Amino acid sequence: DTADIGSITQPDIFLVWEKNIVSIEMKIGIKSSLEQVMKYALLHYLEWQTSWVDKKSYLIYLWVWEFSTLRPDAYKNIEELRNAIDVFDVNHIKKNKKIDYAHYEKAIRTTLKNTTLAYITYEDIVRFCETHRDEVQGNMQVMKLLQWLVDELKDRSLVAL
């Protein structure tokens, strides 16, 4: 009996390819929680259980400031976050009428051990776009897309002008 995938969490971006699953959690003001990391792991596990295709799993946080400001507990880096995940009690996840998270604890933990956790800032995206813009000068479509992304992030005050 598979849980209802739509009831687990609402990723900002959830991409599934032949060999990869990528969730991107875009944060602006609201902080993230360990509970949310567990829910993402379950989402990735259930995708695998649906497709039966082994894929690399990625959870990327996109945030305005330093990594340590992403969570109330202020983990300094991904390693500290992983250490906290290792001791997190799955029974503390808020109850959901459709999903018994404790039933999936082993799957959640196994998925997390095989998930790459990453963190980037909106500034990192702007730097990437500006650094690689010259490489695509012959492709107006890609150049416009990179410039649009930079302009959009600046217009939304997610990066310094």
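Both backbone and side-chain heavy atoms feed into the values below; hydrogens, waters and symmetry mates do not. Treat the numbers as computed from the prediction; the structure is a model and nothing was measured.
Here the straight-line distance linking atom CD of E25 with atom CG of L62 works out to 9.5 Å at 0.5 Å rounding. Between atom CG of residue L42 and atom CD of residue Q49 there is a gap of 9.0 Å, rounded to the nearest 0.5 Å. Taken from CG in L43 to CD1 in I21, the straight-line distance is 8.0 Å, to the nearest 0.5 Å. One finds the CE atom of M140 at 10.5 Å from the CD atom of Q147 (value rounded to the nearest 0.5 Å). Taken to the nearest 0.5 Å, the CD atom of Q141 stands 11.0 Å off from the CG atom of L146. Rounding to the nearest 0.5 Å places CD1 of I125 at 12.0 Å from CD of E152.
A chain of hydrophobic side-chain contacts below 4.5 Å, direct or via other Ile, Leu, Val, Met, Phe, Trp or Tyr residues, connects I24 to W17. The same ILVMFWY cluster, assembled from side-chain heavy atoms under 4.5 Å apart, contains both V126 and L145. Put simply, V136 and V150 are part of two different groups of oily side chains (I, L, V, M, F, W, Y) that touch within less than 4.5 Å, one to the next. When the side chains of ILVMFWY residues are joined at heavy-atom separations under 4.5 Å, either directly or via intervening members, V16 and V53 end up in two distinct hydrophobic clusters. Under the 4.5 Å side-chain heavy-atom criterion for Ile, Leu, Val, Met, Phe, Trp and Tyr, M26 and L15 are members of the same hydrophobic cluster.
Closest heavy-atom contact between T111 and A41: CG2-O, 3.4 Å. Closest approach of Y58 to H44, counting heavy atoms only: O-CE1, 3.2 Å. Among all heavy-atom pairs drawn from K113 and D86, the shortest one is NZ-OD1, 4.1 Å.
Remark: the backbone N or O of T110 is paired with a side-chain donor or acceptor of N114 at under 3.5 angstrom. Under a 3.5 Å cut-off, the side chain of R82 and the backbone N or O of L112 do form a donor-acceptor pair. At distances below 3.5 Å, at least one donor-acceptor pair connects side-chain atoms of D124 with backbone N or O atoms of T121.
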For this session: Take M143 and Q137 through the test side-chain contact (heavy atoms from CB on, under 4.5 Å) and record every step on the way to the result.
Result: CA-CA 6 Å; M143 283 182 60; Q137 272 193 334; 4.0 Å; yes
For this session: Run the numbers on V22 and I60 for side-chain contact (heavy atoms from CB on, under 4.5 Å), then give the verdict.
Result: CA-CA 7 Å; V22 178; I60 302 168; 3.9 Å; yes
Exercise. Taking it one step at a time, do E35 and Y40 satisfy side-chain contact (heavy atoms from CB on, under 4.5 Å)?
Worked result: CA-CA 9 Å; E35 178 178 311; Y40 273 110; over 6 Å; no
Problem set entry | Evaluation steps, side-chain contact (heavy atoms from CB on, under 4.5 Å), between Y101 and M38 | CA-CA 9 Å; Y101 293 100; M38 300 294 168; over 6 Å; no
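Of the charged side-chain nitrogens involved, none lies within less than 4.0 Å of a carboxylate oxygen, so that E123 and K154 do not count as a salt-bridged pair. With respect to the salt-bridge test (charged N to carboxylate O, under 4.0 angstrom), the residues E47 and K55 qualify.
Side-chain contact check for R133 versus F128: every heavy-atom pair is 4.5 Å or farther apart.
Shown here are the ring pair (Phe, Tyr, Trp, His ring centres under 6.0 Å) partners of W52, two or more places apart in sequence or in another chain: W48.
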